[in-house]
Amino acid sequence: MKRIYAYILYIAACSALFGCAKESVIMYGSDGKEIPMVFQNFPDIPFPDNSYMNLEDSKTMGNGESWIGSICYSATFNAGRVFDFYVAEMPKKGWVEIAVVRAHISQMTYVKDGRAVQILIQMKGDDSALVTITAVPNQATVKLLSN
């Protein structure tokens with residue numbers, strides 16, 4: 001009888017511990033595709049499919065729609081396609097285009113809700129690009145959008 005009681009206590013304790021474990025939440029983009037876990041901390045920025053974050057070169061603080069810092073990642077598309085992706089997708093996330101320069105290293109600047117984002121896109125190969133996205137606070141955004 002003591003064994004059965006001990007076994008029941010063991011099962012109850014394990015159930016309580018595993019029940020408290022936090023399940024990872026799966027997030028989906030506007031296209032219905034699953035967003036990789038590493039990019040889920042940045043819901044206000046779109047990322048092309050099959051992108052791979054360079055954690056060593058990425059430095060950010062905060063999360064949600066108030067993070068600041070730099071995200072570096074590799075995309076499995078050429079730089080031109082990545083540029084076109086951001087031109088199409090950033091407005092869908094509420095970003096307002098300020099300036100874009102399509103060149104060997106393309107530069108794009110967007111503003112939204114007191115923040116500015118600069119996107120640098122560099123060709124890494126025929127079918128890949130290196131992308132750096134830097135977000136900073138920007139009080140000029142509030143003045144610009146209110147005019």
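Excluded from the calculations below are hydrogen atoms, water molecules and symmetry mates; all remaining heavy atoms, backbone and side chain alike, are included.
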Thr60 side chain near Phe42 side chain, heavy-atom distance below 4.5 Å: yes

Arg115 to Trp95, cation-pi by 6.0 Å centre distance and 45° axis angle: no

Minimum-distance pair of heavy atoms, taken over all atoms of Pro43 and Gly64: CD-O, 3.4 Å

Other residues, nucleotides, ligands: >12 heavy atoms within 6.0 Å of Arg81 CZ: no

Heavy-atom pair of closest approach, residues Pro48 and Ser51: O-OG, 2.6 Å

Sole candidate of Leu130, Ile133, Asn54, Asp57 that passes side-chain contact (heavy atoms from CB on, under 4.5 Å) when paired with Tyr73: Ile133

Gln118 and Gln107, any side-chain heavy atoms less than 4.5 Å apart: yes

Spatial distance of atom OG1 (Thr132) from atom CD1 (Ile71) [nearest 0.5 Å]: 10.0 Å

same_hphob_cluster(Ile119, Met53) at 4.5 Å side-chain heavy-atom cutoff: yes

Pair Phe83-Val100, side-chain contact (heavy atoms from CB on, under 4.5 Å): steps then yes or no: CA-CA 9 Å; Phe83 183 93; Val100 296; 4.1 Å; yes

Non-hydrogen side-chain atoms of Val87 and Met108 separated by less than 4.5 Å: yes

Any Phe85 side-chain heavy atom under 4.5 Å of Phe77 side chain: no

Side-chain touch Glu65/Lys112, heavy atoms, less than 4.5 angstrom: yes

Heavy-atom closest contact (Gly80 atom, Arg102 atom, distance): O-NH2, 3.1 Å

Single-linkage hydrophobic cluster Trp67~Leu55, side-chain heavy atoms < 4.5 angstrom: yes

Side chain to side chain, Val82 and Gln122, heavy atoms closer than 4.5 Å: no

Spacing of CG belonging to Asn63 relative to CD1 belonging to Ile68, to within rounding of 0.5 Å: 12.0 Å

Non-hydrogen atoms of Lys124 and Ser74 that approach each other most closely: NZ-OG, 2.9 Å

Considering all heavy atoms, the nearest Lys93-Pro46 contact: CG-CD, 4.0 Å

